[in-house]
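When reading the values below, keep in mind they use all heavy atoms of this one structure, side chains included, and skip hydrogens, waters and symmetry mates. Remember, it's a predicted structure, so these values are computed and weren't measured experimentally.
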Amino acid sequence: MYLLSPLSKVFGAQVSGINLTTAPLQRELIQKLKQDLRKYRLLVFKDQGRVSGDRQVELSRHLGKIESTFYKHPRSPHEDVFRVSND
């Protein structure tokens, strides 16, 4: 499905072997991601290219309830994606 490389002994893991822009969000994948999030508390997905705001929200909704902020950055890719920026 994908590979995990722990970032430390107690916190975080890097995920490889999956493309978030195109991978079908099948039940087994979502369950595995949730399991790994509980275990590692942080998952890092490197080299994903540009993941659309809609796709970020779609994946996030599978992982849990989305909590949006009152602030909507005008250049955010989606109203439920909080954009951190200097502009």
Side-chain angles (χ1 to χ4, degrees):
M1 190 172 288
Y2 57 81
L3 302 173
L4 284 173
S5 301
L7 298 174
S8 75
K9 292 181 181 181
V10 295
F11 184 78
Q14 181 174 323
V15 179
S16 59
I18 185 172
N19 183 332
L20 293 178
T21 63
T22 59
L25 300 178
Q26 297 174 338
R27 183 176 159 180
E28 296 82 16
L29 173 62
I30 298 302
Q31 287 177 337
K32 177 81 168 115
L33 287 171
K34 285 181 175 182
Q35 176 185 345
D36 291 331
L37 273 170
R38 281 190 296 273
K39 180 177 180 179
Y40 293 100
R41 310 305 295 165
L42 170 73
L43 298 178
V44 177
F45 298 84
K46 286 190 169 186
D47 302 320
Q48 293 297 306
R50 187 171 181 93
V51 180
S52 74
D54 287 337
R55 182 64 172 192
Q56 291 178 48
V57 170
E58 178 186 12
L59 176 60
S60 297
R61 283 192 174 126
H62 284 288
L63 299 176
K65 181 183 175 203
I66 295 177
E67 295 184 22
S68 295
T69 179
F70 66 91
Y71 177 71
K72 309 294 185 200
H73 193 286
R75 291 180 50 200
S76 177
H78 190 281
E79 66 179 13
D80 289 323
V81 174
F82 185 74
R83 183 171 190 253
V84 178
S85 169
N86 287 332
D87 60 4

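Sorted by first and then second residue, the pairs that involve residues 62-78 and meet salt bridge (Lys or Arg N to Asp or Glu O under 4.0 Å), not counting sequence neighbours, are Arg75-Asp87. Sorted by first then second residue, the salt bridge (Lys or Arg N to Asp or Glu O under 4.0 Å) pairs that include residues 1-29, not counting sequence neighbours, number zero.
Closest approach of Ser68 to Glu79, counting heavy atoms only: OG-O, 4.4 Å. Taking both residues in full, the closest heavy atoms of Ile30 and Leu59 are given as CD1-CD1, 4.0 Å, listed atom of the first, atom of the second, then distance. Of all non-hydrogen atoms in Leu29 and Pro24, the two that sit nearest each other are CD2-O, 3.5 Å. Here the shortest heavy-atom pairing between Val81 and Gly53 reads CG2-O, 4.1 Å. Among all heavy-atom pairs drawn from Gln48 and Leu20, the shortest one is OE1-N, 2.6 Å. Gln56 approaches Val51 most closely through the heavy-atom pair NE2-O, 3.0 Å.
Residue Arg41 qualifies as open at atom CZ: its count of foreign heavy atoms under 6.0 Å is 12 or below.
Leu63 CG to Leu43 CG: the interatomic distance, rounded to the nearest 0.5 Å, is 8.5 Å. One distance of note links CE of Met1 with CG of Leu33; it measures 8.5 Å at 0.5 Å rounding. The distance from atom CZ of Arg55 to atom CZ of Arg50, rounded to the nearest 0.5 Å, is 15.5 Å.
Hydrophobic cluster membership for Phe11: Leu7, Val10, Leu42, Val44 (Ile, Leu, Val, Met, Phe, Trp, Tyr linked by side-chain heavy atoms under 4.5 Å, directly or transitively).
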Stepwise side chain to side chain contact (heavy atoms under 4.5 Å, CB included) test for Val15 and Leu4: CA-CA 5 Å; Val15 179; Leu4 284 173; 3.6 Å; yes

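With Asp36 as reference, Lys32 is the one residue of Lys32, Lys34, Lys39 to meet the side chain to side chain donor-acceptor pair (under 3.5 Å) rule.
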